[in-house]
2 protein chains.
Amino acid sequence: MISVGIAQLNQVVGDFTGNSERIVRNIRAAKFRGADIVLFPELAVTGYPPEDLLLRPDFVEESERAIRDIAAETQDILAVVGFVRREEHIYNSAALIHRGRIHACYDKMYLPNYGVFDENRYFCAGRQPLVFSFRGARIGVTICEDIWHPDGPHVVEAAAGAEIIVNISASPYHFGKWEQREKMISTRAADTKTFFAWCNMSGGQDELVFDGASIFVNEKGEVVGRLPLFEEALEVHTVETTGVFRGRLHDPRMREEEKRMRLAGEIPRTVDIPEVRKSRRRKKTRMAGSAERPVLEREIFDALVTGTRDYVRKNGFKKAVIGLSGGIDSSLVACVAVQALGRRNVIGVSMPSAVSLPESADDARELARNLGIKFHLLPIEGLFNGFVTALDPLFAGRKRDVTEENLQARIRGMILMSLSNKFHHLVLTTGNKSELSVGYATLYGDMAGGFAVIKDVYKTMVYRVARHYNEEMKKKVIPERVFAKEPSAELRPGQKDSDSLPPYEVLDPILMEYIEEDCGIDEIARRGFPLATVKKVVAMVDRNEYKRRQSPPGVRISQRGLGKDRRMPITNRFIKKERELKSPPPNPDSSPK
Amino acid sequence: MISVGIAQLNQVVGDFTGNSERIVRNIRAAKFRGADIVLFPELAVTGYPPEDLLLRPDFVEESERAIRDIAAETQDILAVVGFVRREEHIYNSAALIHRGRIHACYDKMYLPNYGVFDENRYFCAGRQPLVFSFRGARIGVTICEDIWHPDGPHVVEAAAGAEIIVNISASPYHFGKWEQREKMISTRAADTKTFFAWCNMSGGQDELVFDGASIFVNEKGEVVGRLPLFEEALEVHTVETTGVFRGRLHDPRMREEEKRMRLAGEIPRTVDIPEVRKSRRRKKTRMAGSAERPVLEREIFDALVTGTRDYVRKNGFKKAVIGLSGGIDSSLVACVAVQALGRRNVIGVSMPSAVSLPESADDARELARNLGIKFHLLPIEGLFNGFVTALDPLFAGRKRDVTEENLQARIRGMILMSLSNKFHHLVLTTGNKSELSVGYATLYGDMAGGFAVIKDVYKTMVYRVARHYNEEMKKKVIPERVFAKEPSAELRPGQKDSDSLPPYEVLDPILMEYIEEDCGIDEIARRGFPLATVKKVVAMVDRNEYKRRQSPPGVRISQRGLGKDRRMPITNRFIKKERELKSPPPNPDSSPK
């Protein structure tokens, strides 16, 4: 019987002082709560992902110094702490710390190099699984990706006698991922008849949100303890390992694995961590396995809040400013911002032009009032006319077109950036994933700002999350008219999104097939969409890669965001020539807006 | 005796039709010029790098279809063509094509995953070297990275009897790289006593420029033939392989390698490519080994021209528009643009404000006249005053500051983008690497545009390249006063760059140590720079990552550009906390400009 603590911390990349303090504080708290062992996330010392900071020797040096300092503070408890270990190369490593020193390190064996991950760029892969004995229990160590491989190190660790597998992770959120992980870890536990303690990072780092959602899973594959989504938390669970031996008597798989392992010579390293004092009587702590998980819309809202709060705070800002158009996107962004930063730290600005409907500014004002945020009204007609007049000699009598539409969006962008400059507020942009995918946005206009809160949320989901928010708040914070009105950029009289785009109920599923699933045009069409529509949408997506390249970062909530998990060339004739699509040249701002 | 052709083509990512046509045309031309074998670059069929297009099954399918179509067109010559090969996974592969069919494929064994490369993200590594016999010669096949490893497949291929090693590459340019490559390939040739034919891609793809500079190297390590830098070219060289056997009689290294290889069981695959017709008498073709390479300033200028031309053309643009400030940066960009696109396709715009010096617009006009490009003058004072008045109620009596400076830059950005929208011109931005590194630039202002021509050129090098350009043109295209004046953003009266930055002669070397070399603050200071200055510069670089993230792509000319070869987190407290630097919060646009 041994008590294992999980500390799912919200670390900051490069903040060695703050990260170490948080670790030491939680080591003490875990000990106070009776834990024998306490787990911290992958690279808890450096924050995750450090990206190219890992190529700096002084960064690696700080990581080694920090782990030694943490060790010096660790007494009558064993801590498993993620850090960057330096030898001839660098390793993504877990230190086993006890009574002032590092007893052993385990190096991550499987380095992810897909999606948002680039670990082959930096790390050398570990070569040997590790099992340690402590206070009568045998425990195998793994890091994140290791257990996503069915034949990862946990298998030989279990075969070599580990009763508990600990895994320290920095596993980024996408919606529904916690459920997928629970299934996977349950399967690994049942396959190896081993108790799993899985500790994840929490909080936001640039585009990534780590959802925490750490778990304890028994050797039958049952989730016996859940930590919350997104938040920091420390929980201790007393593990009864008698079921492991009993289970293995009935299940021959680990015996067979043990034979294979010995024949192949893949023996894990084993480490005994001596206990100098007599072990005390410990109180049992049991977690509830059934901690509730929120519905999807709430889960996404919380992810947006977490990502926004941490981007703003970790970068030293206090307040945010948002352009409120009276539409659903900016309304939801304002709600997220208020939840993340508090209503006193959010400023809304309505900037109507001559073509804006009067009710748009009214809706914006009503939203601001409902949220209790500061609100400015700044009409832009005069500025717009100034540009039109100034540009007239150069435009040589050409007709009005998208240029003038973009001008309005850019004047708004300039006003928000000026407020940002003058008062040191961060501008939050309000574009959604549907718009950003097809380039229905103005570069340096509505795309101007420091953080793009809903850039990974499709329009149809924006409505769902916004609707759910109103329901949870039990009042119409976002005015009902905002849901009812037809989506419009309001950049020319009577404009509707549907003038340029298919209805969002058609557009969004096509985009999901193309972006999330990497399906080709024919394949998407075969799934029941008009071929001409699919071609048009795909061409818009491809043509607008240059805009996405210049967009601010924003919260990633899907399996495929528009950031570093989708690395597309701008110069790309694949669609244009092969599919014989007639498309205009990709003007640096040929936004249909 | 066998004649080998090298076709260093300028391929376009995803342009299967165009790429295939170019390959087939060059196969025919090589045959006409007497070649037995002709080499094409790595992934010549798809273009390089295809990035996440490689995750699309329909893209992989097109690659396989294209290589079969090319094979069908290939008769009495053997072509080595790079393509994406699909099996259970995908491979970065070289097809050996002869008489209508693919006789064998070699899969790249060493996948680069550093710098600008992400090949582990996509490809499975090849498992076996390949030697083929053709018209009496034995030839080993390798792809790019393979031969950068001293013990790459070329070693066992040579040990197994290859007399010639062919290498197909897509090796991106940085300045001086061609020389480094020549040394490396010479060493490989001399080490293995083998003739090397090295074929590189040419032309631009987004931020990358491929410099061609393909070479033939004999078994003594002498460069016996050079293809030009940057341009497309086809050259044929008749290889005399008698020296290989003679050399190996004197050199035991390949004999030892052969023993090691057999003991280790690392035997290359061997393929005989039968010749059905009698071999004809062939004329010998010898290349000159001493083709001149340009001086560094010219080399960089040519790289900028190549990158700019290909970005503009491959993305379907014809004309470019540039804001001309009368400073050195925009002057050089205009010269590059004229060289790349022709003077009729470049438009210069001078946009003086109330604080601009009158000679600035004069210098801009003189430059435009010297280059023979269209020129517009559009004063921005009225627009600026419009914004100041409109924002006055919101600014609540605050003093003028960087906000008003940025306003001017952003009005200029808006004007250029409006011209772009109205006339479908691409906006070229004019910021240099020194400015972009320290964030001395206005987001959505001077940073607004489609392509950032000199974003990887430090200010001191901008002067050198510009000076050299004038010298080569044998006239003062860039007016002398542009060189003589002190650098200034001209955003407030009497402003100088040196108000905010160390002199460029100090700044640039510090930036090189920090960015190119990843040195820490102490280490840079130890190299002879004042510690306070180093701290200040490093803090500026770190604080402005958010600006670089939103900057347009531009030509990479250094070993470490500010694009995908430097992947830094925005949220990063490494410097701020660890080094205890007092720095203001990283305002989304706290540009010192």
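Order of the sequence lines sets the chain letters (A, B, ...), proteins ahead of strands, with each chain counted from 1. Side chains are part of it too, since the values below use all heavy atoms of this structure and drop only hydrogens, waters and symmetry mates.
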Determine whether A:M414 and B:L391 make a side-chain contact, defined as any pair of heavy atoms from C-beta on separated by less than 4.5 Å. no
Heavy-atom pairs under 4.5 Å with chain A are the metric here; pick the option from B:H376, B:R549, B:E207 that has the most. B:H376
Tell me which of these, A:L54, A:T46, A:N19, A:V12, has more heavy-atom pairs under 4.5 Å with chain B than the rest. A:V12
Counting only heavy atoms closer than 4.5 Å, note whether A:R65 contacts chain B via side chain, backbone, both or neither. neither
CD/A:E51 to OG1/B:T571 distance, rounded to the nearest 0.5 angstrom? 9.5 Å
Going by the rule ring pair (Phe, Tyr, Trp, His ring centres under 6.0 Å), which residues pair with A:Y48 if we only count those two or more places apart in sequence or in a different chain? none
Taking the side chain as everything from C-beta on, heavy atoms only, tell me whether B:R567 gets closer than 4.5 Å to A:D118. yes
Leading residue by heavy atom contact count with chain A [cutoff under 4.5 Å; candidates B:S418, B:G386, B:P553]: B:S418
Check A:P552 against B:Q550 and note the closest heavy-atom contact, atom names and distance. CB-NE2, 3.4 Å
Under a 4.5 Å cutoff for heavy-atom pairs, which residue among B:Y114, B:F451, B:Y311 has the most contacts with chain A? B:Y311
Shortest non-hydrogen separation from A:P569 to B:L53 and the atoms involved: CG-CD1, 3.7 Å
In short, A:L378 meets B:A390 closest at the heavy-atom pair CD1-O, 3.3 Å
Name the region of B:L407, side chain, backbone, both or neither, that has any atom closer than 4.5 Å to a heavy atom of chain A. both
Of the listed B:K318, B:Q205, B:E61, the one with the largest count of heavy-atom pairs under 4.5 Å with chain A is B:Q205
For B:K399 and A:K422, the nearest pair of non-hydrogen atoms, with its separation, is O-NZ, 2.8 Å
Mark yes or no for whether B:R410, through its side chain, and A:G413, through its backbone, hold a donor-acceptor pair below 3.5 Å. no
Salt bridge check: are B:E523 and A:R56 linked by an N-O gap of less than 4.0 Å? no
State whether A:K564 and B:D52 are salt-bridged, where the test is any N-O pair (Lys NZ or Arg NE/NH1/NH2 against Asp/Glu carboxylate O) under 4.0 Å. no
For the backbone of B:G115 and the side chain of A:R121, can you confirm whether one donor and one acceptor N or O come within less than 3.5 Å of each other? yes
Tell me which one of A:T442, A:N406, A:T403 satisfies side-chain hydrogen bond (donor to acceptor under 3.5 Å, both in side chains) with B:N421. A:N406
Find out whether B:F16 and A:R573 are in side-chain contact, i.e. whether some heavy atom of one side chain is under 4.5 Å from a heavy atom of the other. no
Go through the side-chain N and O atoms of B:N113 and A:N120 and say whether any donor and acceptor fall under 3.5 Å apart. no
Distance-minimising heavy-atom pair for A:G449 and B:Y444: N-OH, 2.8 Å
Quick one: of A:Y514, A:F117, A:Y122, who has the most non-hydrogen atom pairs under 4.5 Å with chain B? A:Y514
If you compare all heavy atoms of B:L419 against all heavy atoms of A:F395, which two are closest, and at what distance to 0.1 Å? CD2-CE1, 4.1 Å
Ignoring hydrogens and geometry, is there a side-chain-to-backbone donor-acceptor pair from A:D206 to B:I570 under 3.5 Å? yes
Is there side-chain contact between A:R543 and B:N315, with at least one heavy-atom pair below 4.5 Å? no
Is it the side chain or the backbone of A:S551 that comes within 4.5 Å of chain B heavy atoms, both, or neither? backbone
Can you find a pair of side-chain heavy atoms, one from B:F574 and one from A:D58, that are under 4.5 Å apart? yes
Would a 4.5 Å heavy-atom cut-off, applied to side chains only, mark B:I411 and A:F387 as touching? yes
Is it the backbone or the side chain of A:R560 that comes under 4.5 Å from a heavy atom of chain B, or both, or neither? side chain
